[in-house]
Amino acid sequence: MSTETPVDAPDDGVEAQASTESTSTDFIREKVIADNASGRFSQRVQTRFPPEPNGYLHIGHAKAINLNFSVAAEFGGTCNLRFDDTNPEGEDQEYIDGIQEDLAWLGYTPSGPALYASDYFQQLYDWAEELIGKGLAYVDDQDAETISTQRGGFGKPGIESPYRDRSPEENLGLFRGMRDGQFADGEKVLRAKIDMQSENMQLRDPIMYRIKRVPHHRTDDQWIIYPTYDWAHGQSDAIEGVTHSLCTLEFTDNRTLYDWYLSQLDLPYEQPEQTEYARLGLTYTPMSKRVFARLVNDGLVDGWDDPRMPTLRGLRRRGYPPSAIRAFVNKVGIARTNSTTEIELLESFVRTELNRTSLRRMAVLRPLKVVITNWPEGEERQLEAINNPEDHSAGTRTVSFGPELWIEQDDFKLEPPPKYYRLSIGREVRLRAGFYITATDVDTDPDGNPTTVYCTYDPESEGGSTPDGRKVKATIHWVSAQHAVGGTVNLYDRLFSDPHPGEGGTDPLDSVNPDSRETLTNVRLEAALADVAPGQVVQFERLGYFAVDLDDPSVFHRTVGLRDEWANIQKRQNKAQNKGKHSNKDSNKGANKDAATN
RNA sequence: UCGCGGGUAGUUCAACUGGCAGAACACCAGACUUUGAAUCUGGGGGUUGCAGGUUCGAGCCCUGCCCCGCGAGCCA
């Protein structure tokens, strides 16, 4: 954690992006510019990030956070964190704390202390009485099912409640009774009196208050009636002085109601304006707190901070730099089009950032023993290795070299396939930061798998080149057997195998990838990897970026692999082979797949 | 069925508001290389959902259609 903390101050982050990233704008910023030009809101810009504290933040929230904070920063405005805590069921102080931690980690600082919709409960209540007094709200005695039925359907009119025309006096008495505990949970609700014939369902006498004898994490048992989202949100915005209330597309129909409530009240404030944009969609990634909660509760992952989770905490543990997440959501942009971004774009931002900043280290994940047969008896060498070729200020380190080494099993082949140019008998490769070695012999186990490779080294090749200037095709990583340290390395694959989990009404959990984590315990790490800070991300050369676990520094999580051309070559070779061998089978399979998806 | 929103390379977005349809990521090829990484260069890719109309000129304006998403919680 220590190394991950405030790399950059939030304002720097926002401003740096605003100036270095594309200068193109979006419809929301254009709207703000237009508002400022017309003098609306007196040139004031105030946004807010309003999560409900009933779960942890995920990458989708990062888009909302970036939007709200960036817009405020770009126009000299403010942006607060407001907890939309109007429904105590599922809400918890744990999430309030967690959300604030995650927000800070991402690199944003609210303009003031955290705000809470629950702080406005009294004001909201008073305003409700005001609406009742104006004959614009009434207490309904019917149950949820009846009210739902009477609401009608798309293209069908609704039916007015028989309690709709109670007098303001009666309504006031009943509403106070609701507040004072005279009725059971669900026995009565307060409804706005709008239009049961509206083709916008939100306007068919929406619920403003429901009775819930559930203790609230902040107000405890002070209230047993709680305002609904629609009744609370716009008024909370107005109380705080929000000008631009940004939310996602599914609230589009609610905007009319948002405006209606605000226009009925005698507010001493400017009326805020709601604008909707598309939420973030990511391939292979459901974006739903409900789904994440099931993953956690069903034990499919270790918790909300499991490195496979798209939660901010998960990504942090996984080693995703907050700056990469910010750059990503910034690049995705803001539009009203429902869209799903390829997760590769996110990973590309992670690689770009980590390539620049992470120290290089050598780690052998699937070890194969190498014996240098012509190494001078009893000698040991300290070699100098560059810490980061992208950043020379990162300096160098020494790595120990001796007669017995570990290399990656993948880096030696008994029978090298076409285009493979790593080690095999008779071939010479370079050891990274070390010597050239040539394989001369190999031991195998009864199954024919190599167990020890015997090599000779060229004493003149130290530093990576020889006086005769001969070239080697491959450079491989290695670790001295005498000096290697152990550890645990977690390799991760996508948590979901379907690019669009849950598509077509299926259960997203049906496509959970059972092999999303592979834990390797028989790894050999260079000695420097015993000295790392929790949360630090290093590059294991030729393999990928790996984050030191936040709690156990001997555990590494693969953040993301390096681009791997050899893997692509192999994939293409396999494909070509299969095509040649089973062309009929394959084309049938393809046709079926197409039919299934169409 | 009704209302609202949306449709521009594989993906996400641009296109100075009617003037030669671009970028990033992805993909392919080459160069370079002590990471098959990074970096650099180049390339393939589009009937701007479809059909009409207005205009010298339409991704943008008009008409009709098609497709996708959201909306009938006392969730947010």
Side-chain angles (χ1 to χ4, degrees), chain A residues 22 24-26 50-52 54 84 86-87 89-90 140 142-145 147-158 185-191 198-202 204 206-212 225-226 228-230 232-233 247-256 276 278 280-281 283 289-290 328 331-349 351-352 355-356 360 362 385-386 389-390 419-422 430-434 436 461 463-465 472-477 499 539-544 561-569:
Chain A
S22 79
S24 79
T25 183
D26 54 66
E52 184 186 11
N54 64 348
D84 227 334
T86 58
N87 183 358
E89 285 172 8
D140 197 330
Q142 303 179 108
D143 62 25
E145 201 187 326
I147 290 175
S148 172
T149 306
Q150 289 177 350
R151 190 121 48 205
F154 305 138
K156 293 191 178 106
D185 286 18
E187 193 179 331
K188 287 181 169 37
V189 288
L190 184 71
R191 290 228 255 170
S198 173
E199 70 268 305
N200 182 347
M201 288 295 164
Q202 309 303 324
R204 317 255 264 222
I207 309 296
M208 295 170 65
Y209 276 96
R210 59 307 207 189
I211 307 171
K212 268 182 210 247
I225 58 171
Y226 292 99
T228 54
Y229 164 84
D230 288 296
H233 203 90
C247 67
T248 45
L249 248 26
E250 66 270 24
F251 292 101
T252 302
D253 288 347
N254 299 243
R255 185 176 63 236
T256 314
E276 314 86 23
L280 177 69
T283 54
K289 278 192 242 177
R290 202 187 108 263
F328 165 72
K331 177 66 191 175
V332 165
I334 299 297
R336 290 184 70 90
T337 317
N338 276 302
S339 59
T340 305
T341 299
E342 290 171 340
I343 194 151
E344 285 82 356
L345 183 63
L346 207 209
E347 292 172 342
S348 133
F349 276 99
R351 287 196 189 97
T352 300
N355 176 53
R356 236 189 64 228
R360 311 294 129 122
M362 292 198 281
I386 293 169
E390 308 288 327
K419 291 191 177 169
Y420 182 89
Y421 48 79
R422 275 113 91 155
R430 174 166 40 228
L431 296 176
R432 179 76 159 154
Y436 288 9
S461 63
S465 59
V472 289
K473 271 224 122 164
T475 301
I476 65 173
H477 61 277
Q539 184 194 98
F540 290 176
E541 293 219 43
R542 303 208 304 132
L543 296 175
L562 257 23
R563 282 188 64 228
D564 187 350
E565 190 173 329
W566 173 238
N568 286 341
I569 291 170

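Values below: every heavy atom of this structure, side chains too, minus hydrogens, waters and symmetry copies. The chains referred to below are lettered A, B, ... by the order of the sequence lines, with proteins before strands, and numbering in each begins at 1.
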Select base, sugar-phosphate, or nothing to describe what [X] touches, counting heavy atoms under 4.0 Å on all strands.
| X | answer |
| --- | --- |
| Ala474(A) | nothing |
| Tyr226(A) | nothing |
| Thr256(A) | nothing |
| Glu145(A) | nothing |
| Tyr209(A) | nothing |
| Pro51(A) | nothing |
| Gly186(A) | base |
| Asp185(A) | nothing |
| Leu543(A) | nothing |

How many angstroms lie between atom [atom1] of [X] and atom [atom2] of [Y], to the nearest 0.5 angstrom?
| X | Y | atom1 | atom2 | result |
| --- | --- | --- | --- | --- |
| Ser198(A) | Arg204(A) | OG | CZ | 6.5 Å |
| Arg542(A) | Met362(A) | CZ | CE | 10.5 Å |
| Gln142(A) | Thr149(A) | CD | OG1 | 9.5 Å |
| Arg432(A) | Ile386(A) | CZ | CD1 | 7.0 Å |
| Leu280(A) | Ile334(A) | CG | CD1 | 9.5 Å |
| Thr475(A) | Leu431(A) | OG1 | CG | 9.0 Å |

Determine the interatomic distance between [atom1] on [N] and the same-named atom on [M]; round to the nearest Å.
| N | M | atom1 | answer |
| --- | --- | --- | --- |
| rA29(B) | rG44(B) | P | 15 Å |
| rC13(B) | rG6(B) | C1' | 15 Å |
| rA14(B) | rC50(B) | C1' | 24 Å |
| rC70(B) | rA31(B) | P | 49 Å |
| rG5(B) | rG42(B) | P | 43 Å |
| rC66(B) | rG52(B) | C1' | 14 Å |
| rC25(B) | rC60(B) | P | 29 Å |
| rU41(B) | rC32(B) | P | 15 Å |

Residue-phosphate contact under 4.0 Å: [X] side-chain N/O, [N] OP1/OP2:
| X | N | value |
| --- | --- | --- |
| Lys156(A) | rG3(B) | no |
| Ser148(A) | rG73(B) | yes |
| Arg204(A) | rG71(B) | no |
| Asn200(A) | rG3(B) | no |

Distance check needed: [N] [atom2] versus [X] [atom1], whole Å only.
| X | N | atom1 | atom2 | result |
| --- | --- | --- | --- | --- |
| Asp26(A) | rA15(B) | CG | P | 10 Å |
| Arg542(A) | rU35(B) | CZ | P | 10 Å |
| Glu52(A) | rG73(B) | CD | P | 18 Å |
| Asp143(A) | rG73(B) | CG | C1' | 14 Å |
| Gln202(A) | rA72(B) | CD | P | 6 Å |
| Arg432(A) | rU33(B) | CZ | P | 14 Å |
| Asp230(A) | rA76(B) | CG | C1' | 9 Å |
| Arg191(A) | rC74(B) | CZ | C1' | 10 Å |

[X] has a side chain; which of [options] sits nearest to it?
| X | options | result |
| --- | --- | --- |
| Val332(A) | rC75(B), rU12(B), rA37(B) | rU12(B) |
| Met201(A) | rA38(B), rG71(B), rU35(B) | rG71(B) |
| Arg422(A) | rG36(B), rC70(B), rC74(B) | rG36(B) |
| Glu199(A) | rG36(B), rG3(B), rC74(B) | rG3(B) |
| Pro389(A) | rU35(B), rG36(B), rG73(B) | rU35(B) |
| Leu562(A) | rC2(B), rC74(B), rU35(B) | rU35(B) |
| Phe154(A) | rC70(B), rG36(B), rA72(B) | rA72(B) |

>> For a stem of at least 3 consecutive Watson-Crick or G-U pairs with distances under 3.5 Å, i pairing with j, i+1 with j-1 and so on, which stems involve RNA chain B?
In response: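 Result, WC/G-U stems under 3.5 Å: B:2-7 with B:66-71, B:10-13 with B:22-25, B:27-31 with B:39-43, B:49-53 with B:61-65.
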Mind listing the side-chain donor-acceptor pairs of residues 338-346 of chain A below 3.5 Å, one per line with the distance, residues two or more places apart or on another chain?
none

>> Would you say that Asn87(A) contacts Glu52(A) through its side chain, given a criterion of any heavy-atom pair below 4.5 Å between the two side chains?
In response: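 Result yes, sub-4.5 Å side-chain heavy-atom pair found.
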> Does the side chain of Gln539(A) come within less than 4.5 Å of Glu541(A)'s, by heavy atoms?
Replying inline: yes
>> Suppose we screen for ring-ring contact (aromatic ring centres under 6.0 Å, His included). Which residues come up paired with His477(A), at least two apart in sequence or across chains?
In response: none
> Does Phe540(A) have any ring-ring contact (aromatic ring centres under 6.0 Å, His included) partners at least two apart in sequence or in another chain, and if so, which?
Replying inline: Phe546(A), Phe556(A)
Short side-chain to backbone donor-acceptor contact, [X] and [Y], under 3.5 Å:
| X | Y | answer |
| --- | --- | --- |
| Arg351(A) | Gly561(A) | yes |
| Asn200(A) | Asp253(A) | yes |
| Arg422(A) | Ala474(A) | no |

Pairwise N/O distances under 3.5 Å, protein to nucleotides 4-9 of chain B:
from: rG5(B); atom 1: O3'; to: Arg336(A); atom 2: NE; distance (Å): 3.4

> Just wondering, are more than 12 heavy atoms of other shown residues or ligands nearer than 6.0 Å to CG in Leu249(A)?
Replying inline: yes
> Is the glycosidic torsion of rU17(B) within 90° of 0, making it syn, or is it anti?
Replying inline: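 Because its glycosidic torsion lies within 90° of 0, rU17(B) adopts the syn conformation.
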> Going by a 90° cut-off around 0, is rG73(B) syn or anti?
Replying inline: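 Syn conformation here, the glycosidic angle of rG73(B) being no more than 90° from 0.
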Could you list all N or O pairs between the protein and nucleotides 22-30 of chain B that sit under 3.5 Å apart?
from: rC28(B); atom 1: OP1; to: Arg572(A); atom 2: NH1; distance (Å): 2.4

> If we require ring centres under 5.5 Å and near-parallel planes under 30°, does Trp566(A) stack on rG36(B)?
Replying inline: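 By the stated criterion, Trp566(A) and rG36(B) stack.
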